[in-house]
Protein chains: 2
Amino acid sequence: MRVSRDQAAQNRARIIEIAGQQFREKGFDGIGVADVMKSAGLTHGGFYGHFNSKDDLIAEACAAAMALSVRRWTSLSEASPDDALGAITQSYLAGDAHGEGQMSGCMMAALAPDIARRGGPVRSRFTEGTKALLDILVNAVTGRSKARQREKAIAIMAGLVGTVVLARAVDDPDFAREIKRVGAEVFGRDAE
Amino acid sequence: MRVSRDQAAQNRARIIEIAGQQFREKGFDGIGVADVMKSAGLTHGGFYGHFNSKDDLIAEACAAAMALSVRRWTSLSEASPDDALGAITQSYLAGDAHGEGQMSGCMMAALAPDIARRGGPVRSRFTEGTKALLDILVNAVTGRSKARQREKAIAIMAGLVGTVVLARAVDDPDFAREIKRVGAEVFGRDAE
DNA sequence: ATTATCTATAGATCTATAGATAATGC
DNA sequence: ATTATCTATAGATCTATAGATAATGC
């Protein structure tokens with residue numbers, strides 16, 4: 001039942017990708033190692049050939065999901081050079097509406113509080129990703145100084161994360177829509 | 001070992017209060033029924049005389065924590081009638097810094113993504129609380145129309161939640177401080 | 001020969017229940 | 001007599017490990 005080195009590397013990458021999706025959808029404690037492996041078409045026991053522990057996988061999945069967001073924001077910025085902020089916020093807030101659910105959405109909005117409760121590698125990988133995303137936003141907004149741009153970018157990032165977090169948690173669809181509409185208007189425009 | 005009806009009611013209230021703190025600190029899956037009961041000075045088996053299930057406790061703890069936030073925001077508004085927004089945001093963002101940790105902080109910032117993954121009573125109790133908090137903020141901001149006030153209040157609430165969520169998740173203390181400083185400046189002032 | 005994966009299981013943990021106990025409240 | 005709480009445990013689930021298997025790569 002052994003596979004080639006290339007195949008094993010692909011298997012590892014697929015485990016990380018699937019884990020990232022399942023974690024965002026169900027939470028770190030909402031999905032077990034055995035089910036992640038099953039979704040990847042592998043068996044439970046094989047997991048520990050790829051990772052030292054579930055925490056190890058969580059750190060890798062976190063880093064990979066953040067890296068994917070960085071690539072998406074970068075390509076959105078390049079595709080809309082005159083309204084990078086609008087393109088990013090629209091993409092960011094439209095995710096849920098398009099029925100993709102949280103599994104393909106932002107790691108920050110899906111798991112930041114859970115990441116805060118974990119230590120070590122998970123948090124540091126997440127922090128790197130957060131800084132990288134922030135840098136993209138800094139270049140997507142205007143400001144009389146770099147410091148002012150950074151200030152705006154931080155507020156927008158917090159606003160976007162809070163918007164998605166609240167809209168998802170709320171039970172009332174109309175209220176959720178209202179939250180997202182306001183989020184798009186307030187944080188998607190490069191005011192002042 | 002039986003206690004009076006009054007004592008039993010107090011025990012129930014204490015279980016809810018302690019559960020609310022532990023859930024915020026460790027997550028819904030991070031603390032078990034047995035440990036909550038132990039913290040309340042009771043035994044595991046007694047739990048099911050007070051609640052039908054852990055989910056039932058989660059809903060009660062969620063509602064109680066939101067109600068406490070509503071009372072706090074209300075009294076802050078009344079104590080600072082000319083800068084209710086500033087008083088609320090300062091209190092909201094200062095929590096972590098004062099070493100209180102998340103256990104006494106905001107339910108939205110600590111558990112909103114986990115609440116989004118749960119169904120039924122937990123989400124509806126949370127939604128009620130969120131609407132009540134929003135109403136307080138609406139009255140704490142100015143605007144040429146009620147609709148504009150509400151829009152500002154929603155953006156501020158999302159901004160505050162996102163600020164706390166990101167500042168907590170991030171590994172770098174300087175970065176966390178920067179996020180909270182910006183959040184206080186941008187969302188704590190009744191601009192425009 | 002090495003190693004990626006598989007089967008099987010140990011050990012821990014967690015929710016929920018069953019039945020016993022003892023103090024309250026009619 | 002009722003009932004709030006306790007002790008003990010069933011049943012499920014989850015992480016991690018041990019040992020076997022079979023195809024790769026030197």
In numerical order, the residues of residues 18-43 of chain B whose heavy atoms come under 4.0 Å of DNA chain C are B/Gly32, B/Val33

Do A/Glu151 and A/Arg148 sit within salt-bridge range, that is, some charged N less than 4.0 Å from a carboxylate O?
yes

Considering only heavy side-chain atoms of A/Ser4, the closest of D/dG25, C/dG25, D/dA16 is D/dG25

In whole angstroms, the gap separating P of D/dT5 from CZ of B/Phe47 amounts to 13 Å

Using the rule given for side chain to side chain contact (heavy atoms under 4.5 Å, CB included), can you reason through B/Phe126 versus B/Leu111, listing the C-alpha separation, both sets of side-chain angles and the distance that settles it, and then say yes or no? CA-CA 10 Å; B/Phe126 174 83; B/Leu111 289 163; over 6 Å; no

Nearest heavy-atom approach of A/Ser77 to A/Ile136 is OG-CG2, 3.6 Å

The side-chain contact (heavy atoms from CB on, under 4.5 Å) partner of B/Met157 among B/Val138, B/Leu133, B/Ile88 is B/Leu133

B/Arg5 CZ to C/dC26 C1', in whole Å, measures 10 Å

Writing each nucleotide of DNA chain C 5' to 3' as (, ), [, ], | or . by Watson-Crick or G-U pairing under 3.5 Å yields ||||||||||||||||||||||||..

The reported gap from CZ in A/Arg123 to CD1 in A/Ile58 (rounded to nearest 0.5 angstrom) is 14.0 Å

When rounded to whole Å, the CD to P distance for the pair B/Gln7 and D/dT3 reads 18 Å

Heavy-atom nearest pair, A/Lys152 first then A/Asp190, reads NZ-OD1, 2.7 Å

From the candidates D/dT5, C/dT15, D/dT17, the one with an atom nearest any side-chain atom of B/Tyr48 is C/dT15

request  = Salt-bridge test for B/Arg118 and B/Asp29: reply yes if a basic N is under 4.0 Å from a carboxylate O, no otherwise.
outcome  = yes

When rounded to whole Å, the NZ to P distance for the pair A/Lys54 and C/dT13 reads 15 Å

For this session: Considering just the side-chain nitrogens and oxygens of A/Asn11, establish if one lies under 4.0 Å of OP1 or OP2 belonging to C/dT5.
Result: yes

B/Asp6 CG to D/dT3 P, in whole Å, measures 16 Å

_Hydrophobic cluster identity match, A/Val70 and A/Met107, side-chain contacts under 4.5 Å_ = yes

Sorted by position of nearest nucleotide on DNA chain C, 5' first, the leading residue of A/His50 and B/Ser53 is A/His50

* Could you tell me whether B/Lys38 and B/Asp35 make a salt bridge, using a distance below 4.0 angstrom between a side-chain N and a carboxylate O? => no

(request) Mind checking B/His44 for me? I need base, sugar-phosphate or nothing, with any heavy atom below 4.0 Å counting as a touch. (result) base

Margin query: Suppose we call a contact any N or O donor and acceptor under 3.5 Å apart; does that hold for the side chain of A/Arg2 and the base of C/dT2?
Written below: yes

